[in-house]
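All values reported here derive from a predicted model rather than from experimental measurement. Sequence lines set the chain letters: A, B, ... in the order given, protein chains first and strands last, and positions in each chain run from 1.
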Amino acid sequence: MDKKDWLNNEVDIAWCPGCGDFGLRNIVAEAYADLGLKKEELCMVSGIGQAAKSPQYYNTSYFNGLHGRALPAAAAIKMVNPELKVLVQSGDGDVYGEGGNHFIHNIRRNADITVIVHDNMIYGLTKGQASPTSQLGHKTPIQVDGVIEEPFNPLAVAISLGATFVAKSSVHEKELTKELIKQAIQHDGFALVDVFQSCVSFNKINTNQWFRDNTYILGNDYDPTNKIKAFEKSLEREPWPLGLIYKSDSKVSYNKNIPMFENDNTPLYRRNRDSSVIKEIMESMK
Amino acid sequence: MDKKDWLNNEVDIAWCPGCGDFGLRNIVAEAYADLGLKKEELCMVSGIGQAAKSPQYYNTSYFNGLHGRALPAAAAIKMVNPELKVLVQSGDGDVYGEGGNHFIHNIRRNADITVIVHDNMIYGLTKGQASPTSQLGHKTPIQVDGVIEEPFNPLAVAISLGATFVAKSSVHEKELTKELIKQAIQHDGFALVDVFQSCVSFNKINTNQWFRDNTYILGNDYDPTNKIKAFEKSLEREPWPLGLIYKSDSKVSYNKNIPMFENDNTPLYRRNRDSSVIKEIMESMK
Amino acid sequence: MNDLSIVLSGEAGQGINSVEKVLLALLKKTGYRVYATKEYMSRVRGGVNSISIRVSCDEVKAFVKHIDILIPFEKAAFSHLKDRISDETIIIGDKKKLENERVIDVSFQQIATEFGNALYVNSVAVGLVSGLMNLNRNEVLNFIKDIFAKKGDEIADKNAQAAESGYEIGTNLVSKKIITLDVCKPETKLDNFMISGTDAIALGAIAGGCDCAFAYPMSPGTSVFTALATYSHKAGILIEQTEDEIAAVNMAVAGWYAGARPIVSTSGGGFALMTEGMSLAGMTESPLVIHIAQRPGPATGLPTRTEQGDLNLALYTGHGVFPRAIYAPGTTQQAFELACRAFNHADQYQIPVIILTDQYFVDTFYDTPAFDLDKIKIDRHIVKTNDNYQRYIITDSGVSPRGIPGFGSGFVCSDSDEHDENGRITEDLDGICIAMKNKRFKKIELIKENSCRPELYGPENYENLIVAWGSTYHMIAEAIDKINNSKTAMLHFSQVYPLHKDTESLLKKSKKLILVENNQTGQFGDLIKLETGINFDHKILKYNGMMFTVEELMDSIKEVL
Amino acid sequence: MNDLSIVLSGEAGQGINSVEKVLLALLKKTGYRVYATKEYMSRVRGGVNSISIRVSCDEVKAFVKHIDILIPFEKAAFSHLKDRISDETIIIGDKKKLENERVIDVSFQQIATEFGNALYVNSVAVGLVSGLMNLNRNEVLNFIKDIFAKKGDEIADKNAQAAESGYEIGTNLVSKKIITLDVCKPETKLDNFMISGTDAIALGAIAGGCDCAFAYPMSPGTSVFTALATYSHKAGILIEQTEDEIAAVNMAVAGWYAGARPIVSTSGGGFALMTEGMSLAGMTESPLVIHIAQRPGPATGLPTRTEQGDLNLALYTGHGVFPRAIYAPGTTQQAFELACRAFNHADQYQIPVIILTDQYFVDTFYDTPAFDLDKIKIDRHIVKTNDNYQRYIITDSGVSPRGIPGFGSGFVCSDSDEHDENGRITEDLDGICIAMKNKRFKKIELIKENSCRPELYGPENYENLIVAWGSTYHMIAEAIDKINNSKTAMLHFSQVYPLHKDTESLLKKSKKLILVENNQTGQFGDLIKLETGINFDHKILKYNGMMFTVEELMDSIKEVL
Ligand SMILES: Cc1ncc(C[n+]2csc(CCOP(=O)(O)OP(=O)(O)O)c2C)c(N)n1
Ligand SMILES: Cc1ncc(C[n+]2csc(CCOP(=O)(O)OP(=O)(O)O)c2C)c(N)n1
Ligand code: SF4
Ligand code: SF4
Ligand SMILES: [Mg+2]
Ligand SMILES: [Mg+2]
């Protein structure tokens with residue numbers, strides 16, 4: 001399938017004209033096409049929000065679950081059906097706010113899923129409240145005196161949780177974003193790609209221009225395999241570094257760690273159980 | 001009040017003989033006594049678990065809430081009633097498992113609370129399942145093949161979230177633990193003290209002996225104000241460093257950041273509202 | 001025509017909400033009674049939304065189906081509003097763009113672009129309607145200038161000019177008899193306020209001493225949270241957006257514990273996450289006030305639509321038995337009073353109080369006389385503790401005096417486990433455990449004694465009784481007025497639980513019982529059946545995500561009379 | 001005495017649970033029918049717990065109040081069990097330690113310490129009871145050796161020796177006529193299994209094709225999760241302990257979506273957190289199987305006690321309207337069959353199925369004949385998709401064929417928003433939105449048609465009908481047997497929702513209706529009233545955290561007959 005085939009153009013897209021979500025949609029479709037994915041092997045997952053509407057706009061199977069619950073859903077799908085490639089597209093509020101506990105524990109779980117966070121530093125769908133990544137001082141109808149809470153640093157936190165693929169991009173850097181997403185999909189384990197995305201309706205501070213002015217692409221001299229350096233890099237601000245911040249091949253993903261899947265990648269729905277098992281277990285209760 | 005006064009000895013303590021929770025209870029009471037806290041100014045908070053029973057065993061006001069919800073409760077108490085000193089004692093499962101999202105966001109919120117986590121690397125009250133801090137390979141009745149999930153590193157995560165007081169101790173190091181708890185109480189902002197604690201009934205691996213054999217106390221040459229170094233230190237294992245891992249005075253706590261409390265520390269329950277305010281607001285709806 | 005129904009329809013982001021605000025203010029200034037509601041899709045741009053305005057010399061507070069004047073900015077409005085457009089509907093708009101023969105052509109877009117910005121269509125529309133209604137030209141133009149003044153002189157002037165063009169077109173259409181409006185002229189001017197359901201709840205909360213709000217955004221519940229944030233400086237309210245709904249409810253319970261009066265505002269899906277927290281409030285006998293603005297489920301459902309579907313959830317949420325109270329205001333006056341009362345009663349009985357509204361109610365503007373502030377007061381039911389203080393001391397009423405940590409010398413101990421009078425964990429099953437269960441249960445009777453009496457609308461000697469709750473109030477009231485059947489009345493419950501003790505007798509007086517609910521199964525009917533054994537003869541249920549209109553209620557009611 | 005009630009009581013951690021296991025096995029080996037249950041405090045060491053064993057030649061499956069032989073290891077046992085100890089109770093123990101005149105002195109502790117470990121008291125107790133019952137001495141000693149074999153020869157020997165001392169004391173007490181036990185001698189030996197409620201649910205789940213479990217530990221729900229973990233290698237079950245209950249339910253729904261058959265096991269407080277997830281299953285028409293082992297609330301409540309208090313929560317949890325089924329087994333046979341059926345029905349109707357048990361049931365051991373494996377089968381109601389596949393295609397029955405992503409060429413799209421037949425978001429309110437609401441609603445009738453018929457225990461021509469559900473089954477059955485009133489029967493519901501269509505007629509046949517529930521308000525009675533309009537004449541409710549005893553039920557029932 002080429003990019004066009006991946007895009008569902010029959011539906012009315014509910015995003016605002018100029019929204020960064022459109023850009024990411026195109027980039028992801030290109031990444032799929034470049035990787036030569038087959039439609040039967042992909043499953044997209046999201047929570048609720050503007051970003052989380054993404055799966056609707058592709059030709060793909062998807063599970064568009066509850067707000068904040070994209071990651072447990074995605075992990076479970078991969079864990080029981082490891083033949084699928086599972087990719088999450090969801091918002092910064094969804095993944096880091098309501099879904100924060102799942103962010104922590106799914107990085108620990110390390111199922112082989114790709115997580116693209118549309119980081120517009122705002123709650124788009126609910127009309128402009130602060131998100132965990134909104135910067136200090138950002139005023140909104142709720143944060144009338146400006147944000148006072150320390151902005152969430154998804155990269156630093158992911159690294160400290162032992163994530164093995166942590167990347168940062170911005171929707172205005174199409175090629176970079178595409179390359180990172182492709183690498184993330186190919187990575188074995190939980191792969192995070194946090195992408196600056198412009199909410200033209202509600203975030204008048206962190207605009208595309210702001211992203212351009214406040215980011216730079218990491219040079220080839222940057223070594224993403226050094227955890228401490230990666231942590232240090234993840235703290236940099238204004239300009240924010242874009243690129244692969246951290247990567248490690250030291251771990252295998254969830255399914256490779258459990259006996260059931262050791263020599264057998266068969267999804268659970270194609271496995272059968274002999275009722276003699278029940279007899280056998282019952283015998284132990286004599 | 002001296003140590004004895006802080007301890008409630010009229011109740012039947014539900015912990016197992018030899019449990020590390022006893023040790024921590026004594027240490028905390030001593031810290032209170034050393035600091036000369038008044039009984040009217042303290043409020044203890046916990047979730048549910050063996051550690052979370054702690055507040056019951058002091059002479060103090062307490063809020064023993066739901067499993068996993070100690071932190072939002074503690075933060076709210078401090079936020080609306082800033083005259084109180086608020087101290088949390090709860091379990092590793094409570095704070096890092098069920099309560100993980102509150103761990104993230106209360107560090108960001110930075111209310112002036114002290115959080116002591118009884119880190120026994122196990123779920124005690126529910127009889128021995130893995131906790132987020134259980135180490136790789138640890139076998140339990142649920143983790144029959146051993147833990148495969150990356151152990152949660154509370155120190156590294158707290159640092160990456162911008163916490164300004166991050167300490168690690170072990171219940172066998174009484175003096176150190178007491179000193180750290182005292183400093184934590186005096187620190188303005190969210191202060192984390194993660195303490196190794198032995199669950200003699202369900203964790204036969206991480207015993208007091210293991211703690212002794214696998215920890216060391218940070219020397220005076222260690223500088224806890226360097227964030228990157230602190231992060232590096234927080235990753236060290238076998239031996240695990242004990243002491244003040246990270247501290248920063250760069251931030252003020254929640255209440256100091258909001259206009260309502262700027263020049264006025266009065267708890268909300270002692271503030272009055274003039275009904276003319278309603279008239280005034282209504283006028284704007286003419 | 002003694003009132004006029006005006007509808008504007010456009011895409012999200014096209015600015016029709018600004019027309020609503022400005023027109024309402026102008027009409028009210030002139031002395032008209034006004035009402036406005038909106039319905040909109042779950043998106044920020046595009047799609048098709050509408051606002052419905054009613055103008056009259058008499059009180060007008062209900063959603064009607066018919067449209068007298070329709071101003072559609074997009075073609076999609078026709079199919080979107082097809083059920084509401086009749087042969088009598090006057091349609092004004094860009095004929096070419098709308099591709100509809102019936103349209104009275106006004107080139108909104110062209111005029112707006114002449115003045116330099118497509119968004120000026122809204123000012124053109126305001127001017128047009130003002131012209132049609134023959135409002136005072138200068139007043140209109142000055143008002144528009146004032147409104148846009150903060151955006152700079154140029155923008156203010158341009159908007160005023162756009163409005164002026166609209167105004168002229170409006171007067172022209174009337175003078176040329178292309179449009180004939182037979183509207184009353186207001187004689188007196190009332191000193192009323194334009195108050196939305198949201199405002200009424202927020203003001204009531206402030207009147208009730210609400211001093212902090214813990215919430216996670218969720219439409220349509222965010223509205224009250226946002227209103228409180230807006231007034232936070234004036235009223236001294238601590239506003240905290242939480243990481244999730246679980247934090248919100250736990251912070252609220254703990255906030256009450258520490259002496260504050262927090263509110264939580266949410267919607268069904270968010271409230272679902274507070275189930276365990278509700279139970280915590282039940283066990284710790286904590287006051288708690290939660291506002292739920294209902295929207296259709298299950299799950300994410302239809303985020304910006306309306307339904308009265310969360311009553312069962314409010315009734316049964318939380319494991320274990322504990323008392324609660326549930327309010328369901330139908331008017332802004334009720335909303336104000338009940339929101340205030342929620343804080344006092346939550347504190348008095350140490351229970352969770354839920355205020356159930358819905359998207360329709362929070363998003364609707366009613367012109368409302370000043371709230372009576374003499375009636376309201378802040379009753380703090382807290383005591384200063386002494387050394388022997390016991391938080392859960394067994395009393396005759398079931399209510400134990402509530403202390404606050406730090407206020408007095410006693411220990412205030414609160415526990416989510418079953419506890420003794422000191423608040424400490426116990427397993428004395430047949431002793432204090434049972435006593436505590438009975439103590440909590442007892443309070444239900446106490447609360448019942450103070451339940452709001454349902455309001456009877458219509459004749460006292462009714463034979464047909466329409467039973468309703470919450471936001472359907474005005475629609476049913478107007479339908480009853482218009483049906484004009486001397487034996488038909490409405491019994492409206494602004495407190496749905498516990499039911500007032502007269503409920504059974506009031507229902508039994510009637511020969512025919514008709515239930516009206518904006519949900520699929522008649523949840524309130526079930527509650528009445530459970531509590532009184534009474535069955536309804538007819539159920540009028542609507543559950544497509546929209547409020548009942550007066551007309552459809554008239555039809556449905558007539559059908560079963 | 002045709003059966004014997006033996007109770008051991010001690011502190012948590014003192015090992016009385018090991019006595020339970022060993023004694024049951026020994027007695028069963030000898031041909032006795034046995035039963036055992038336990039009650040315990042929420043702590044790991046200390047406090048006071050007890051296990052209750054019944055031994056008989058006939059089937060014996062109910063909890064009784066009376067104690068024939070009591071072996072208390074601690075003084076606290078007397079006050080703890082005061083309501084169960086009668087003048088007939090034989091009490092055996094360390095007289096000095098227990099400070100009680102009635103005690104037949106056996107110096108458990110001294111004997112145990114002689115063999116080197118205080119924990120050997122348990123083997124002494126096993127030996128003692130074996131001696132009293134005159135079990136085969138060698139069989140007993142060898143069995144004990146086998147059990148302890150894995151701990152090394154020395155420990156095995158010491159335990160056997162301790163048991164031998166106990167055995168001798170036992171036979172001595174009998175031969176000296178200090179204790180006279182008039183117990184039957186079993187003639188035949190049944191080929192039964194000792195199956196706990198936990199085991200029955202776990203085995204049923206395995207029989208139903210359960211291939212993964214997502215859960216967060218919570219007593220008493222953890223039991224089933226632990227059992228499945230134990231058998232995970234044998235049966236091929238993916239076991240994942242989640243970070244919280246919200247993750248558990250969302251992983252389960254997504255797991256079903258991807259073709260697996262997950263179970264979630266929890267208790268009331270954990271289930272409370274799954275409210276929104278239930279609604280997600282409702283909206284996405286996802287199969288889902290949740291086991292709730294009930295314990296008393298509100299909130300943390302009494303973590304290790306029993307109650308039938310979560311029925312309302314199970315019935316009403318989740319915002320919005322959607323079908324569900326709720327099972328409530330009362331016997332191990334029912335538990336096995338229903339747990340199996342839960343998976344097939346969840347899949348067939350694409351609904352959440354809840355299995356309601358409680359602490360009493362999961363912790364009780366029943367001797368049970370082999371489950372009939374011929375009856376059970378794994379029905380996977382999934383289809384291979386093609387290019388035109390529509391996940392939510394409108395069908396006559398309301399059920400749309402369920403595809404799995406990756407199985408076939410179609411797209412399987414699932415959405416928590418209101419959606420069209422393709423699973424895509426829509427706001428076509430009066431079109432597909434209403435159609436989807438009606439489609440989901442329709443399935444309730446379908447499920448009802450397949451509801452389990454309540455089981456009648458006792459005479460067909462009853463005049464007094466006791467209505468019950470879940471774990472009270474055996475207690476009521478034995479009470480009825482013993483009351484021996486030819487007009488009194490029990491109607492036991494192992495499916496509590498939707499009610500079987502014959503419910504109303506079965507209830508109406510009776511002259512007197514008696515409700516028995518282990519909760520404070522009679523939640524099932526409310527459901528019956530709501531669905532059938534029928535009121536109960538009497539309600540027998542218990543809510544102190546303990547199961548009904550046969551004796552107290554006999555008293556309460558006789559009182560109202
Ligand atoms: C349980 C629950 N709480 C709240 C909401 C309301 N809600 C929908 S989207 C959203 C946040 C959207 O922000 P983000 O995830 O950043 O996505 P964006 O719209 O910015 O792409 C919220 C709070 C919900 N649907 N469910
Ligand atoms: C919502 C909810 N889920 C689960 C439980 C059961 N539960 C009680 S304590 C506990 C974990 C205890 O572990 P930890 O927090 O580490 O405390 P410890 O007992 O080890 O001190 C769990 C899972 C509960 N009470 N509530
Ligand atoms: S509100 Fe913001 S994030 Fe949402 S579609 Fe519009 S621009 Fe994009
Ligand atoms: S179970 Fe473990 S943590 Fe709990 S009281 Fe016993 S030793 Fe302590
Ligand atoms: Mg966002
Ligand atoms: Mg622990």
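- For the set D:Ile382, D:Thr385, D:Leu373, the count of heavy-atom pairs under 4.5 angstrom toward chain A peaks at D:Leu373.
- Ranked by heavy-atom pairs under 4.5 Å with chain D, the first of A:His102, A:Lys78, A:Glu83, A:Met79 is A:His102.
- The shortest non-hydrogen separation linking D:Arg33 to D:Leu190 is NH1-CD1, 3.1 Å.
- At a 4.5 Å heavy-atom cutoff, the contact between D:Lys28 and chain A is made by side-chain atoms alone.
- With a 4.5 angstrom heavy-atom cutoff, D:Ile404 touches chain A only via side-chain atoms.
- A distance-only check finds a donor-acceptor pair linking the side chain of A:Arg25 to the backbone of A:Tyr57 [under 3.5 Å].
- With a threshold of 4.5 angstrom between heavy atoms, A:Asp274 does not approach chain D through any atom at all.
- Donor-acceptor pairing under 3.5 Å is recorded for the side chains of A:Tyr96 and A:Asp194.
- Of the listed residues (A:Ala14, A:Pro72, A:Pro259), the greatest number of heavy-atom pairs within a distance under 4.5 Å of chain D belongs to A:Pro72.
- D:Glu240 and A:Arg109 are joined by a salt bridge, as a carboxylate oxygen and a charged side-chain nitrogen come within less than 4.0 angstrom of each other.
- Using a cut-off of 4.0 Å between Lys/Arg side-chain N and Asp/Glu carboxylate O, D:Arg380 and D:Asp347 are scored as not salt-bridged.
- Between chain D and the residues A:Ser284, A:Ser61, A:Pro55, A:Ala76, the largest count of heavy-atom pairs under 4.5 Å involves A:Ser61.
- In this structure, chain A has heavy atoms under 4.5 Å from both the backbone and the side chain of D:Asp191.
- Aromatic pair A:Tyr58/A:Trp6: ring centres not closer than 6.0 Å.
- Between A:Glu98 and A:Arg69 there is a salt bridge, since a side-chain N of the basic residue sits under 4.0 Å from a carboxylate O of the acidic one.
- For a residue to count as touching a neighbouring chain, one of its non-hydrogen atoms must lie under 4.5 Å from one of that chain's; by this rule D:Phe371 touches chain A with backbone and side chain alike.
- Of the atoms belonging to A:Ile278, heavy atoms from both backbone and side chain fall under 4.5 Å from chain D.
- Heavy atoms closer than 4.5 Å to chain D are found in the side chain of A:Ile48, but not in its backbone.
- For A:Lys3 and A:Glu30, the salt-bridge test passes: some basic side-chain N is under 4.0 Å from an acidic carboxylate O.
- Heavy atoms closer than 4.5 Å to chain D are found in both the backbone and the side chain of A:Gln56.
- For the options D:Val253, D:Ile195, D:Asp244, heavy-atom pairs under 4.5 Å to chain A are most numerous at D:Asp244.
- Ranked by non-hydrogen atom pairs under 4.5 Å with chain A, the options D:Ile378, D:Asn192, D:Ile237 are led by D:Ile237.
- Comparing A:His67, A:Glu283, A:Arg108 by heavy-atom pairs within less than 4.5 Å of chain D, the highest count is held by A:Glu283.
- The residues D:Asp415 and D:Arg424 are annotated as not salt-bridged, no charged nitrogen and carboxylate oxygen being separated by less than 4.0 angstrom.
- If you tally non-hydrogen atom pairs under 4.5 Å between each of A:Leu42, A:Asn59, A:Ile258 and chain D, the highest count goes to A:Asn59.
- For the set A:Val45, A:Asn106, A:Asn101, A:Val11, the count of heavy-atom pairs under 4.5 angstrom toward chain D peaks at A:Asn101.
- If you measure heavy-atom distances from A:Arg270 to chain D, you find no contacts under 4.5 Å at all.
- For A:Pro267, no part lies under 4.5 angstrom from a heavy atom of chain D.
- Counting heavy-atom pairs closer than 4.5 Å to chain A, the top residue among D:Cys413, D:Gly236, D:Ala235 is D:Cys413.
- Within the 4.5 angstrom heavy-atom criterion, only side-chain atoms of A:Leu84, from C-beta onward, approach chain D.
- Summarising the geometry of D:Pro262 relative to D:Ala252, their closest heavy-atom pair is CG-O, 3.4 Å, with the distance given to 0.1 Å.
- Checked by atom type and distance alone, the side chain of A:Lys39 pairs as donor or acceptor with a backbone atom of D:Ser409 at under 3.5 Å.
- The pair A:Lys53-A:Asp21 does not meet the salt-bridge criterion, since no charged nitrogen lies less than 4.0 angstrom from a carboxylate oxygen.
- Between D:Gln390 and D:Asn422, the side chains place a donor N or O and an acceptor N or O closer than 3.5 Å (distance only, hydrogens not considered).
- Note: D:Leu203 leads D:Asp367, D:Ile376, D:Leu203, D:Ile239 in heavy-atom pairs under 4.5 Å with chain A.
- Heavy atoms closer than 4.5 Å to chain D are found nowhere in A:Met44, neither backbone nor side chain.
- Neither the backbone nor the side chain of D:Tyr389 comes within contact range of chain A, judged by heavy atoms closer than 4.5 Å.
- For a residue to count as touching a neighbouring chain, one of its non-hydrogen atoms must lie under 4.5 Å from one of that chain's; by this rule A:Met260 touches chain D with the side chain only.
- At a 4.5 Å heavy-atom cutoff, the contact between D:Thr242 and chain A is made by backbone and side-chain atoms alike.
- When the shell of 6.0 Å around NZ of D:Lys29 is examined, it contains 12 or fewer heavy atoms from other residues, nucleotides or ligands.
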